[in-house]
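Position 1 is the first residue of the sequence; numbering continues from there. Order of appearance sets the numbers: ligands from 1, and atoms from 1 within every ligand. Remember, predicted model here, so these are calculated numbers, not experimental data.
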Amino acid sequence: MKPATAKISSVALKHNIQTIKQKAPNSKIIAVVKANAYGHGVVFVSSAVEDMVDCFGVARLEEALSLRSNGITKPILLLEGFFCDKDLPVIAINNIQTVVHNVEQLRALQAARVPTPIKVWLKIDTGMHRLGVDLDQVNDFYHTLKSSPNVDPDICFISHFSRADELDCDYTSMQLSRFLHCTKDKNGQRSIAASGGILFWSESHLDWIRPGIIMYGISPVNIPAQEYDLTPVMTLTSSLIAIKNHKEGEPVGYGGVWVSDKETKIGVVAIGYGDGYPRDVPTGAPVYLNGRRVPIVGKVSMDMLTVDLGQESQDSVGDEVILWGKELPIEEIAKISGVISYELITKLTPRVLTEYVD
Ligand SMILES: *Cc1c(COP(=O)(O)O)cnc(C)c1O
């Protein structure tokens, strides 16, 4: 019987990319595989989709180099740019593209000694107010980049939405019009849509889209992804390692916080917050077992959690338990735990085994 295991499906992954292509048929794809492909295994994911996408997006140079050393040859974009001047030759040699979002990066690029020009995406702050150059600086940055022999003359433009998951909010349209306006007299390719933009704002697709969470079959809002023809790539499973008869009026687990109001059977599942399962999940949150949902009761511990199987339970030690996946949407677990799905998948710990199922 298996302890906590993330089962990863390349069939689901490819299906999701097809769905994304249908939604944005005229855009090229930057597949975002930062943070170990959102906990799904960066080498497996990137190799599985390399033929279907045009570029990969990562947050750290180390992530990009790991892709290169594992045989990925498609372009890779550093979404936050480079952090050290001395990284620039490494970036050039490895055919890595970089965002430029501030004057320090601009100066470093100008001063660098690189073997070939580097492809640059100029990051524009259209309202997120996190990274990016201000609208009135775009011209200066653009012309300075254009005039540097270290920079590939085909400069691209990139920006990011802060509220694309809010379906009836004007802010996204405002950001898009700022982006279009400040790039309209320049001929570089443009990208602003991540998952929220791809699903909800088709006018934002432009030349390049940057799907992250939807590629993994998870919706960027707390609505199950099946609504958008996306299939969860990960099924998080573990096993029942004990079944105990439990008396009415007795508590379960640390703090004795849950007390049964009836005689029942308690199942112990080999997964806990030490695997990344959220400790804050409330009593009553579901797991999926033998074709039905059963509620978590008592506090989640480091290596285990407990579920109320009910008095009539026919379950056996060794049975597989699903924590999230097609049978039990992760969006539901996120909502009930007060977190976002992004956090659940990226917080899985190295102890969780990975199994590639197809
Ligand atoms: C993480 C990231 C994405 C992907 O976001 P999702 O919401 O997961 O689709 C896209 N662009 C940038 C700049 C990012 O940092």
Side chains of I296 and T306, heavy atoms from C-beta outward: is any pair under 4.5 Å? no

May I ask you to test the C55-K74 pair for a side-chain heavy-atom distance under 4.5 Å? no

Between the side chains of R68 and E63, is the shortest nitrogen-to-carboxylate-oxygen separation below 4.0 Å, so that they form an ion pair? no

Tell me whether E355 is salt-bridged to K2, with the criterion being a basic N under 4.0 Å from an acidic carboxylate O. yes

Could you pull out every protein residue that has a heavy atom closer than 4.0 Å to ligand 1, ordered by chain and then number? V32, K34, Y38, L79, H160, A194, S195, R210, P211, G212, I213, Y342

Could you identify which residues cluster with V252, counting Ile, Leu, Val, Met, Phe, Trp and Tyr as linked when any side-chain heavy atoms lie under 4.5 Å apart, either directly or through a chain of such contacts? W258, I266, V297

Does the side-chain hydrogen bond (donor to acceptor under 3.5 Å, both in side chains) test come out yes or no for K186 and N139, once each step is laid out? CA-CA 9 Å; K186 304 177 178 64; N139 254 318; 3.3 Å; yes

